[in-house]
Amino acid sequence: MSFYLSSSLRRVGAAAAALLAPVVAFAQEAAPAAAEAVAATPVPDKGDTTWMLLSTILVLLMTVPGLALFYGGLVRAKNMLSVLMQVLMITAVVMIIWVTYGYSLAFTDGGSLNSFIGGFSKMFLAGVDTTTLAESFSKGVFIPEYVFVVFQMTFACITPALIVGAFAERIKFSAVMLFVILWVTFVYFPVAHMVWFWGGPSAYTAPTGLIFSFGAIDFAGGTVVHINAGIAGLVGAIMLGKRTGYKKEIMAPHSMTLTMVGASLLWVGWFGFNAGSNLEANAYAALAMINTFLATAAAIISWAVVETLVRGKASMLGAASGAVAGLVAVTPAAGFAGPMGAIVLGLAVSPVCYFFVDVVKNKFHYDDSLDVFGIHGVGGILGAIATGILVNPALGGAGIVDYSTADFAAGYAGTATQVWAQLKGVLVTVVWSGIGSFILFKVVDAIVGLRVSVEAEREGLDLSSHGEAAYHAS
């Protein structure tokens, strides 16, 4: 009986094996194909993703509370709250604009207008979800697109917030907000597109933005952020006119303590700004980080030395100004210059910015309240041009990756070639921001008016514009 069952089972097993043989063979053929398909699908590295999420938070820290406190401490006590409110509201409004149409205009193909601006294919973040990716600067290395969207969003927020320091203590709140909405749309998004839009390492031959096509390099926003904001600030300061009582009344910063806190938060947040712009957690991010340390330190020392030689004393205001000048100058060079080049850049930027803040501003009698042009505009221009020199591997720089080579080797086109490309990028940014900002200030003035009344200015914008005060007597 057991023999009969055993024979029957063997016959059934053989028949089943014969029937299943094609299925097994198909599965064996399909398994490698499925494995290849899985292998071909890029998987973002969790380390890169984590670093970019952290960098995004650090850039927000730069803005609120960093920039808000830095600017707030520099104005008079009666205008402290107004500056905090302007920076906070700009940040909130630009976030909504960015995901509505800003990201699309900055980082998509604009068709026939692609040299200057992107298109509307990703309005309202259409097509962006948890499965879409953004390529870094290494071929085949990706981060989630949401991470890239939110990281770039923080850049769009801080740039217009920088501008308000140029005409602080005298502009209407409604004028600030209307101007920012128009400015990011017609100035910031186009400049960001012109400087940073390209196909990525896997599509390096695809159409690019105008300034990128020049061969100009800007690691973290010397043109996009600092020159752009600095020029807009200068235009605004001139068009609004001087503060009531300027050069006749004392307008000293009301709290150098808060300015120091703000400057320190800016420095900390700037590591997300500069090192985060590498989009990966690797040696180039480390290079950007050490350069952000060293250029800033050198600029602080340099400003203090200049101030001691000129005025006999080194001030806290000067040290804080030097810190920001160093951070601004190293921004375009962060991932390109070598550490020693970053020190040279930091040492050089403070005397130049000091000259514009102390001499040029007084010579031409414009009231750039918190020296937005003198530090961000001038420091950004110096840094952008110097990047073309310091990127040279012979000077310790990282070189410029040539994506047309098989191994993506880094080289250098030569000082004249690279500096000329940098100069063209600076010139386009200055002209675009200068003319665009002038037109937009005129539009805002026609719609809501730019300046508060003399009475409101003397009372202080905290009470006249917001009905509250930053401080209350006990």
Side-chain angles (χ1 to χ4, degrees), residues 59 62 106 137 152 154-156 158-163 187-188 190-197 209-212 214-234 266-267 269-278 284 287-289 291-292 294-296 298-299 323-338 341-342 344-346 348-350 352-353 356 372-392 397-398 400 418-434:
V59 181
M62 290 175 66
F137 298 102
Q152 284 294 337
T154 58
F155 280 63
I158 195 171
T159 306
L162 290 171
I163 300 172
V187 178
Y188 180 82
V191 173
H193 180 86
M194 286 190 276
V195 174
W196 283 333
F197 180 74
L210 179 67
I211 295 175
F212 192 99
F214 294 157
I217 53 176
D218 182 356
F219 196 79
T223 48
V224 180
V225 178
H226 300 293
I227 299 176
N228 210 4
I231 296 299
L234 177 63
L266 281 169
W267 194 354
W270 223 291
F271 291 108
F273 201 76
N274 284 355
S277 290
N278 187 60
Y284 286 97
L287 176 64
M289 178 170 282
N291 285 342
T292 304
L294 297 177
T296 310
V324 177
L327 290 164
V328 168
V330 79
T331 292
F336 295 121
V344 172
L345 182 57
V349 71
S350 284
V352 176
C353 288
F356 273 83
V372 175
F373 172 71
I375 293 179
H376 292 275
V378 173
I381 290 171
L382 176 65
I385 296 171
T387 298
I389 301 170
L390 298 176
V391 68
N392 187 350
I400 302 170
Q418 193 58 48
V419 169
W420 175 236
Q422 299 300 109
L423 282 168
K424 288 194 291 183
V426 168
L427 182 61
V428 170
T429 305
V430 169
V431 171
W432 191 282
S433 181

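For reference, positions follow the sequence shown, starting with 1.
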The ring pair (Phe, Tyr, Trp, His ring centres under 6.0 Å) partners of Phe197 (sequence neighbours excluded) come to His193
Taking the side chain as C-beta and beyond, is there a heavy-atom pair between Val372 and Ile163 under 4.5 Å? no
Which atoms form the tightest heavy-atom contact between Val426 and Ala384, and what is the distance? CG2-CB, 3.7 Å
State, with a plain yes or no, whether a side-chain heavy atom of Val225 is found less than 4.5 Å away from one of Phe273. yes
Counterpart residues, ring pair (Phe, Tyr, Trp, His ring centres under 6.0 Å), relative to Phe356 (two or more places apart): none
Only counting residues at least two apart or in another chain, list the ones meeting side-chain contact (heavy atoms from CB on, under 4.5 Å) with Ile400. Ile217, Val391, Gln418
All heavy atoms of Ala337 vs all of Ala342, minimum pair found to be CB-N, 4.5 Å
Report the C-alpha distance between Phe219 and Thr387 in whole Å, list the side-chain angles of each, state the deciding distance to 0.1 Å, and finish with yes or no for side chain to side chain contact (heavy atoms under 4.5 Å, CB included). CA-CA 9 Å; Phe219 196 79; Thr387 298; over 6 Å; no
Residue pair Val224, Thr159: steps toward the side chain to side chain contact (heavy atoms under 4.5 Å, CB included) verdict: CA-CA 8 Å; Val224 180; Thr159 306; 5.6 Å; no
Distance-minimising heavy-atom pair for Ile389 and Val419: CG1-CG2, 3.6 Å
Side chain to side chain donor-acceptor pair (under 3.5 Å) filter on Thr292, not counting sequence neighbours, yields Asn274
Using 30° and 60° as the class boundaries, would you call the ring planes of Phe155 and Trp196 parallel, tilted or perpendicular? perpendicular
Supply the atom-to-atom distance Ile381 CD1 to Phe373 CZ, rounded to the nearest 0.5 angstrom. 5.5 Å
Show the nearest heavy-atom pair for residues Pro160 and Ala156, with the distance to one decimal. CD-O, 2.9 Å
Note, Phe336 side chain near Leu390 side chain (heavy atom, < 4.5 Å): no
Is any side-chain heavy atom of Leu266 closer than 4.5 Å to one of Val324? yes
Residue pairs fulfilling side-chain hydrogen bond (donor to acceptor under 3.5 Å, both in side chains) with at least one residue in residues 222-232, sequence neighbours excluded: Asp218-Thr223, His226-His376, Asn228-Ser433
I'd like to know if the side chain of Thr331 and the backbone of Ala220 have a donor-acceptor N/O pair within less than 3.5 Å. no
Can you name the nearest heavy-atom pair linking Ala288 to Ala275, along with the distance? CB-CA, 3.7 Å
Could you state the interatomic distance from OG1 (Thr429) to CE (Met194), rounded to the nearest 0.5 Å? 6.5 Å
Side chain proximity check, Val328 to Val349, heavy atoms < 4.5 angstrom: no
Does Val195 form a side chain to side chain contact (heavy atoms under 4.5 Å, CB included) with Phe212? I'd like the steps, not just the answer. CA-CA 5 Å; Val195 174; Phe212 192 99; over 6 Å; no
With sequence neighbours left out, what residues match Ala398 under side-chain contact (heavy atoms from CB on, under 4.5 Å)? Tyr284, Leu287
Would you name the heavy atoms of Val59 and Gly272 that are closest together and state the gap between them? CG2-C, 3.7 Å
Are Thr296 and Trp270 packed together at the side-chain level, in the sense that at least one heavy-atom pair is separated by less than 4.5 angstrom? no
